[in-house]
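Here the structure is laid out as structure tokens; the discussion comes afterwards.
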Amino acid sequence: MRVISTMKFTFFRMVREYITLLLLLVVPIVLLTVFSFVLEGVTTETGEPLINEQNVIFVLVFQMFGGALAMAYIHTDFFTERKQRIYALPFNQTLYAFSIMVCGIVYSVLLGIVLMTFSEFVFGADWGNWLWAIYIIFLLALLSNIVCLIFTFSVNNFKIAERLSEVYGVGFVILAGLIFPVPGNDFFVFVNTYVNPITLAADAIYGMNQSHAGEAWFRSNILLIASGVLFIVMLILGKRKIR
Amino acid sequence: MMIASMQGVVKRYGSNIVLDYVDLAIDEGEIIGLLGPNGAGKTTLIQTLTGMIPFEKGQVTLFGDVKAPFSNKNKEKIGLVTQEITIFEELTAKENLQFFAGVYGLKGEEKKNSVQEALEFVGLSDRANKMPKKFSGGMKRRLNIACALTHRPRFIIMDEPTVGIDPQSRNYILEAVKKLREEGTTILYTTHYMEEVQAIASRVVIMDQGQIIKEGTVDELIKTIQHEEKVKIDVTDAGQIPLNKLESVTGVKQVNVDGNQIMIISEANSGNLDRILSLIKAHAGVLGIQADKPNLEDVFLTLTGKQLRDKVGEE
Ligand SMILES: Nc1ncnc2c1ncn2[C@@H]1O[C@H](COP(=O)(O)OP(=O)(O)OP(=O)(O)O)[C@@H](O)[C@H]1O
Ligand SMILES: [Mg+2]
């Protein structure tokens with residue numbers, strides 16, 4: 001299939017976006033390092049070093065922004081002057097758009113794995129079962145890509161779509177209480193137990209580590225089902241814009 | 001053999017009629033120069049002809065396909081050079097070409113050779129592994145063209161391929177088009193530059209306000225205005241000259257002012273030069289007179305009453 005031959009180049013394009021690399025790889029590494037020193041010796045109620053949890057959360061937070069690249073490329077390839085060239089090509093345009101999304105997810109997960117490796121081996125963060133952790137990171141990347149593309153397809157002004165995608169990431173970071181403490185009332189507890197992708201993902205990873213497998217699967221399935229539903233929404237919206 | 005055609009095509013954007021019952025037939029081996037001022041509808045014509053945008057009325061065919069979007073088999077036979085530069089800035093020149101060659105189904109040795117040839121064709125072999133970010137405007141344009149050539153299309157559509165570039169790159173591109181012509185490629189070429197069309201086109205199509213207002217070979221078009229005379233008069237102060245009086249001189253068909261040069265088109269053998277000169281001399285000094293053979297530019301001017309492009313401030 002001809003679309004497959006383009007994926008290598010889409011991937012090259014993504015890897016060469018140095019700003020993204022800086023934001024999604026270098027910044028997290030710097031933050032991980034800083035926090036590891038700040039939180040040295042601090043422990044949670046259960047006696048675990050706090051840094052373990054913080055490391056996991058950090059890596060997950062950055063996955064919330066993993067859709068930015070696919071979003072930017074779908075926009076430039078399908079909604080700017082370049083679309084003329086793309087539509088003149090003898091391949092399935094929808095499939096090409098899909099391949100960009102796949103590249104975006106793979107790239108985001110790869111960056112996540114690099115961060116995981118770094119935090120585990122340099123700071124001794126405990127990711128538990130790596131396969132499980134990678135699966136959870138994948139779910140977050142998938143969800144972020146889908147959400148970003150929904151914005152791209154439904155908002156005509158791309159700048160606004162980009163801002164919305166940032167609101168999605170930053171919003172849930174705030175709701176998770178990672179920037180300042182949030183009140184412990186029912187609303188926040190509910191959101192962070194059943195809705196917020198960051199806390200869902202984090203709980204899925206901790207849950208598996210602490211042998212609450214049922215709980216962990218439950219959380220991850222919420223992410224999976226949300227992705228499935230939103231994927232259909234994305235397809236419906238995308239069908240109107242890409243043919 | 002017919003490559004592509006349009007019959008009675010109407011395309012609107014809102015209330016703006018961009019293609020107004022356009023008929024066009026392109027035969028194998030033709031080099032069509034599509035001329036028209038900004039906003040005439042050239043790019044829109046190309047987009048409809050390649051099945052990229054829907055239209056209200058009429059019919060478009062491409063290699064026998066009637067309904068857009070056209071089959072991939074027929075899309076493979078065309079190479080589209082877009083008016084805007086649409087190369088990938090994050091890929092090297094060579095990778096750009098590999099991307100497109102891959103999409104057209106080229107593989108292995110064949111792909112390697114065609115990429116190499118396309119680079120040579122536009123004179124970018126020595127920059128194969130450089131990023132287009134560092135290219136000059138002309139080099140980007142050349143890469144933009146090469147991207148449409150790796151698969152050796154039978155029909156190449158070039159939308160203003162020479163706009164905004166240095167004369168050297170421009171010559172390179174024109175020579176390349178001539179080479180393609182010799183290989184028997186069919187080409188649809190839009191431009192604002194008459195010299196280019198005069199140099200390469202086997203047929204000229206003139207478009208204005210969404211309509212094709214004239215077509216024919218360069219010679220045929222010039223003949224249509226050969227019943228006219230054109231004289232250019234350089235004066236000291238064109239502002240002082242009453243143009244309406246000039247226009248009412250017997251035989252005068254059109255008066256155009258370009259800075260301090262007045263151009264007058266009259267019917268052939270009208271013998272009104274004396275009268276024109278004395279009228280001008282009564283209001284300003286005459287610095288020079290020049291009578292030209294008509295060229296394509298004059299055909300355009302006569303047909304549309306417009307210059308093909310603004311003389312001042314271009315590029
Ligand atoms: N997507 C669009 N939406 C609305 N109007 C459009 C669109 N594309 C083109 N037009 C209008 O259609 C008309 C013809 O545009 P087109 O780009 O085909 O002209 P052109 O002959 O290629 O001009 P140029 O020499 O500047 O490239 C213009 O008035 C333009 O504003
Ligand atoms: Mg145009």
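Sequence lines set the chain letters: A, B, ... in the order given, protein chains first and strands last, and positions in each chain run from 1.
Heavy atoms closer than 4.5 Å to chain A are found in both the backbone and the side chain of B:E76. For A:R13, the parts lying near chain B are the backbone and the side chain together; criterion is any non-hydrogen pair under 4.5 Å. The contact between B:F100 and chain A is made entirely by side chain atoms (from C-beta outward), counting heavy-atom distances below 4.5 Å. Both the backbone and the side chain of B:A148 come within contact range of chain A, judged by heavy atoms closer than 4.5 Å. Residue contact with chain A, scored on non-hydrogen atoms closer than 4.5 Å, involves the backbone of B:I53 exclusively. Proximity to chain A (any heavy atom under 4.5 Å) is restricted, for B:Q47, to the side chain, taken from C-beta onward. Looking at A:Y73, only its side chain comes within 4.5 Å of chain B, counting heavy atoms on both sides. Contact annotation for B:Q98: both backbone and side-chain heavy atoms come within less than 4.5 Å of a heavy atom of chain A.
Contact tally against chain A (heavy-atom pairs below 4.5 Å) for B:I87, B:I78, B:D159, B:I157: the top residue is B:I87. Heavy-atom pairs under 4.5 Å with chain A peak, among B:L80, B:T43, B:V103, at B:V103. Most heavy-atom pairs under 4.5 Å with chain A, from the set B:G79, B:C147, B:G51: that is B:C147.
By the 6.0 Å contact criterion, NZ on B:K179 is enclosed, its count of non-hydrogen atoms from other residues, nucleotides or ligands being greater than 12. Crowding of A:F58 atom CZ: a count of heavy atoms from other residues, nucleotides or ligands under 6.0 Å exceeding 12. Environment of CZ in A:F98: sparse, with no more than 12 heavy atoms of neighbouring residues, nucleotides or ligands closer than 6.0 Å. In this structure, A:I179 places its CD1 atom where more than 12 heavy-atom neighbours from other residues, nucleotides or ligands lie under 6.0 Å away. Within a 6.0 Å sphere centred on NZ of B:K94, other residues, nucleotides and ligands contribute 12 heavy atoms or fewer.
In this structure, A:D77 and B:F88 have side chains that are in contact, with non-hydrogen atoms separated by less than 4.5 Å.
Residues of residues 78-96 of chain A lying within less than 4.5 angstrom of chain B, judged on heavy atoms, are A:E81, A:R82, A:Q84, A:R85, A:Y87, A:A88, A:L89, A:P90, A:F91, A:Q93, A:Y96 in numerical order.
Here the CD-OG1 distance, from B:E89 to A:T76, works out to 11.0 Å after rounding to the nearest 0.5 Å.
Nearest heavy atoms, B:F99 versus A:T6: CE1-CB, 3.5 Å.
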